[in-house]
Each structure stands twice: as structure tokens, then as C-alpha cells.
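Just so you know, these numbers use all the heavy atoms, side chains as well, and skip hydrogens, waters and symmetry mates.
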Amino acid sequence: MRFLALLLLLCTLTSCAMAPSSYLSVQPHAGSGGQAEPADAVAVQDYDGLKRAILGFVETGRTEGAIRAANYSGNVEEDLIQAAYEVSKQDPLGAYAVDYMTHDCTLIVNYYEIRVRITFRRSLREIQAIETIPTQTQLRSRLEEAVDRLEDRVVLRLPSYRDPDIPAMVADYCAANPETVMETPKVTVSAYPDSGSVRIVEVDLAYTQTPQSLRSMQKAVQESLDAAAEYIRYRRSDRDKVGLLLTYLTERFSYEAEETATPLYAALCGGVADPRGLTQAWQLICDLAGVECYTVEGLRSGQPYTWNIVSLDGVYRHLDLARSVLDESQPALRTDREMEEYYWNMEEYPACEPLPDAPEEPQEEPPAEEEPAPPEEEEAEQGNA
């Protein structure tokens, strides 16, 4: 019997030693028969907690996260599918940052262990760069700041999304500040998700020139404007200033007509007869010179067009500087009646009326000449004498 018992023990030990290591599983003791949760697992008990946990992974840029659902009120597996969908497709941050998301759920004795794996299309740095902009006024200010800084992208969280016309906001600011904004960028707007009152908006600003080139252009434009203002510094009347400014601008270059993304710089420093650029140049120089001037937005030959109205000591005249520098036979200053090809809202601008005809001066009648006396009377007078 002792021999048989020894033989049985020897066989048992040999079998254990020969068992493949892949079949060996060591589980840490966790109370009454349970397994220990992952050290970084987030504990949840309901759907809201589950959704917050997944969103937390997105906010911190985690590609994988663990969740422990114990004493859960609801169907964990169904809620997991729904929560993952809502975070990745319907939540603004998830819709913006997540490419796709996978998950699995394992029941371990009395709790569920959930693994969530996230593939991002945005970096953590991009996620952290999102700015919250509560109001329309702050939105406009932030866009203006982006243009001034020549930023190529801003990503904004709008808690009260009202479908703002962001390209129009940018265009309006650029048009109002031509002396500092050399190029109006092409604006592309993407909103995440497609609907909802809270969205993340990605605004791309595309320029044809580099930031360094645009800053150099801005400096050159300012120098040209200052030179023009200095050129007419000692002229007193508007008429003298306007005449000298026309000479200054028209004789600087042999102008050519072409399209340009930087109209003011091209007009002042490149000899390009772009209507908008020359209109902006004239307006800015007149402002510096203290000459009353207006920028007219209207039509020429049925197409959108811009030109100026300038004051000549209280008498207003139209000035299409682009047309003047390209066709020297055209008069530079015109009345309303001489603007046959043009259309504008006359109520918004001063009338350009012709000067009244000078009244004719009354002519003085020559003094009446005495009629010569008849010959008989002359002889009688001589006889009496």
C-alpha cells in the first residue's frame, strides 16, 4: 500500500511539471471569490455615469479605458452600445475628435468589466486647444483676433449655437480695416455634430500669401499712405489736395488691370488698377488728409463695383480712380449726370450736382448822346453870338 501511494504521488507531480505554461492561470484573491478591478477602472452605477466615463476618455485623449459597473441600474450591454454611440456621434467633442470606437463587456461574478478603445482623428493638443465662446459678440471678437494674428485655424465650442454667418463676419472685418488686413482669407466652417444647440465649430482661414509676406505688405502700405499724406501736407483747400493726390497716384505707375488677393497693396505698391484697391487707397489717404470722402458700393454695367465720392470744398464729385488710371481720356471727377453706366443708392450718399451757371452781370447802358441841332438853329445861334 505504501508503494502504491508513493507511485500515485510521483505521477501527480510529474503531470504538473509537464503541463504547458499557457494553461496556468493565477488570479489574485479579491474578497469572496471575485477578481480585482483594473487599477485605473472608472466605477459607474447607471447610464449617465457610463456615458460620463467614456466622454472622460475622449477629453483626456485616452485610446483605451477601463470601466467597472457594479450594482448597475439597467442593462449594461445595451447601455454601453448606446453610450458609445452618443459620445462618438452626438456629443460635440466626440463628433469632432473621435474617428471610431470599439468596446467589450465581460461579466465577472458580481460586476461588469468594460473595455473601451478609441481611435482619434484629433490630437490631444487639438482637443485641449478648443475655446468656449458663450456669446455672438465674443465670437465676432475672436474671429477678428484670428484675422489680425493671421491664424489659419480656430476651434470654438459654442454653447448657444445659432448658425452664425462666420464668413460674413470675417469679410466685414477685413473690409472695414483694409490698412491692416492685406488679404481677406477664404473661410471654411465645419460644425460638430450636424445638429444641436451646442456645437464645436472649426474655422479654417486660408491665405494665398505667407504670414511673413502679409506683414511686409502691411508695412509697405503704411509707408505709402504716410508718404501720400505728407505729399499734400501744405495744401489748404480740398480742391488743391484732391488735385495733388490725383497726380500722386496716377503718375506713380503704368497701371495694369488684373485680379489680386491683396488689392490695397497691389494698388499702392504694385501698379495694379484693382477697383477695390484704388478705392480703399483713396479713402485712406483722404482720411489722413482730412478730406471728406465716401466709398460707394454699387454697380457698373450691371456688375458689382466700387468707387469714391469726394468733397471739393463742399462740392461733391464721383471719382472712379481705377477707370481714370486705365483710360486717361476719361474725366476723373464727375457729376451724377455723367455716371451713365453706374448704379448706386443715391439716398445714402451726397448728391454730385453740376455747379450752377454764373448769373449774367447787368450791363450798364452807355450815356445818351446829344442829338446835333438842325442847321437853321445853329446859324441863328451863331448870329446871336
Side-chain angles (χ1 to χ4, degrees), residues 47-48 51-52 54-61 82-101 118-178 180-209 211 214 261-263 276 280 295 297-299 303-306 345 348:
Y47 178 80
D48 290 338
K51 186 177 174 180
R52 283 196 302 271
I54 298 174
L55 184 57
F57 300 152
V58 175
E59 292 172 342
T60 55
Q82 182 64 25
Y85 175 79
E86 288 190 14
V87 170
S88 61
K89 301 299 181 183
Q90 297 179 341
D91 181 85
L93 181 60
Y96 168 73
V98 174
D99 189 8
Y100 63 91
M101 185 182 301
I118 304 172
T119 299
F120 289 90
R121 59 185 173 198
R122 313 288 180 183
S123 66
L124 178 59
R125 184 175 180 179
E126 289 176 303
I127 293 173
Q128 293 174 337
I130 297 172
E131 305 172 53
T132 299
I133 305 295
T135 68
Q136 290 287 101
T137 300
Q138 289 174 305
L139 172 60
R140 187 179 295 274
S141 296
R142 182 62 184 90
L143 293 171
E144 293 172 359
E145 182 182 54
V147 171
D148 288 339
R149 293 179 176 179
L150 298 173
E151 298 179 55
D152 59 4
R153 173 177 292 175
V154 291
V155 183
L156 312 172
R157 183 183 182 92
L158 306 183
S160 301
Y161 185 85
R162 298 177 182 177
D163 196 19
D165 192 345
I166 289 176
M169 291 182 182
V170 173
D172 289 346
Y173 180 71
C174 294
N177 298 274
T180 57
V181 181
M182 295 295 102
E183 179 181 356
T184 300
K186 179 182 178 182
V187 181
T188 304
V189 181
S190 303
Y192 304 89
D194 294 334
S195 61
S197 59
V198 180
R199 298 196 207 179
I200 288 176
V201 175
E202 182 181 60
V203 183
D204 288 308
L205 306 167
Y207 297 88
T208 63
Q209 303 292 325
L214 291 172
T262 55
R276 182 163 295 279
Q280 291 172 342
T295 294
E297 299 285 348
L299 302 175
Q303 300 298 317
Y305 199 74
T306 182
N345 187 344
E348 294 183 0

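Cys174 and Pro185 make their closest contact through SG-CD, 3.9 Å (heavy atoms, listed as atom of the first residue, atom of the second, distance). The shortest heavy-atom contact between Ala146 and Leu205 is CB-CD1, 3.9 Å. Taking each heavy atom of Pro134 and Thr132 in turn, the nearest pair found is CD-O, 3.7 Å. Summarising the geometry of Met101 relative to Ala84, their closest heavy-atom pair is SD-CB, 3.8 Å, with the distance given to 0.1 Å. Between Tyr305 and Leu299 the shortest heavy-atom distance is CB-C, 4.1 Å. Nearest heavy atoms, Pro159 versus Ile133: CD-O, 3.3 Å.
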CA sep, side-chain torsions, deciding dist, call: Ile200, Leu156, side-chain contact (heavy atoms from CB on, under 4.5 Å): CA-CA 6 Å; Ile200 288 176; Leu156 312 172; over 6 Å; no
Stepwise side-chain contact (heavy atoms from CB on, under 4.5 Å) test for Val201 and Tyr161: CA-CA 9 Å; Val201 175; Tyr161 185 85; 3.7 Å; yes
Step-by-step side-chain contact (heavy atoms from CB on, under 4.5 Å) determination, Leu158 to Val198: CA-CA 6 Å; Leu158 306 183; Val198 180; over 6 Å; no
Residues Val147, Asn177; criterion side-chain contact (heavy atoms from CB on, under 4.5 Å); working and verdict: CA-CA 11 Å; Val147 171; Asn177 298 274; over 6 Å; no
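Summarising the local packing, CZ of Arg121 is surrounded by more than 12 heavy atoms from other residues, nucleotides or ligands at distances under 6.0 Å. Atom CG of Asp194 is surrounded by 12 or fewer heavy atoms from other residues, nucleotides or ligands within 6.0 Å.
Considering CD of Glu86 and OH of Tyr47, their distance stands at 3.0 Å, rounded to 0.5 Å. Distance CD/Glu126 to CD/Glu202: 8.0 Å, rounded to 0.5 Å. Taken from OG in Ser190 to CZ in Arg153, the straight-line distance is 8.5 Å, to the nearest 0.5 Å. The line from CG of Asp99 to CZ of Arg122 is 10.0 Å long, rounded to the nearest 0.5 Å. Expressed to the nearest 0.5 Å, how far CG of Leu143 lies from CG of Asp148 amounts to 11.0 Å. For the atom pair OH (Tyr96) and CZ (Phe120), the distance works out to 12.0 Å, reported to the nearest 0.5 Å.
Under 3.5 Å, the side chains of Ser141 and Gln138 contain no donor-acceptor pair of N or O atoms. Between the side chains of Thr262 and Gln209, not a single donor N or O lies within less than 3.5 Å of an accepting N or O.
The backbone N or O of Leu214 sits nowhere less than 3.5 Å from a side-chain atom of Glu183 that would complete a donor-acceptor pair. A donor-acceptor pair under 3.5 Å is formed between the side chain of Asp165 and the backbone N or O of Ala168.
Two residues are said to be in side-chain contact when any heavy atoms from C-beta on lie closer than 4.5 Å; Val203 and Val155 fail this criterion. Using a 4.5 Å heavy-atom cutoff, the side chains of Gln128 and Leu124 are in contact. The shortest side-chain heavy-atom distance between Gln136 and Met169 falls under the 4.5 Å cut-off. Proximity of Tyr207 to Asp152: side-chain heavy atoms (C-beta onward) are nowhere separated by under 4.5 Å.
We find that Glu151 and Arg142 are joined by a salt bridge, their nearest charged nitrogen and carboxylate oxygen being less than 4.0 Å apart. Using a 4.0 Å cut-off between charged nitrogen and carboxylate oxygen, Arg157 and Glu131 do not count as a salt-bridge pair. The pair Arg276-Glu297 meets the salt-bridge criterion, with a side-chain N (NZ, NE, NH1 or NH2) lying under 4.0 Å from an Asp/Glu carboxylate O. Here Arg149 pairs with Glu145 in a salt bridge; the nearest charged N to carboxylate O distance falls below 4.0 Å.
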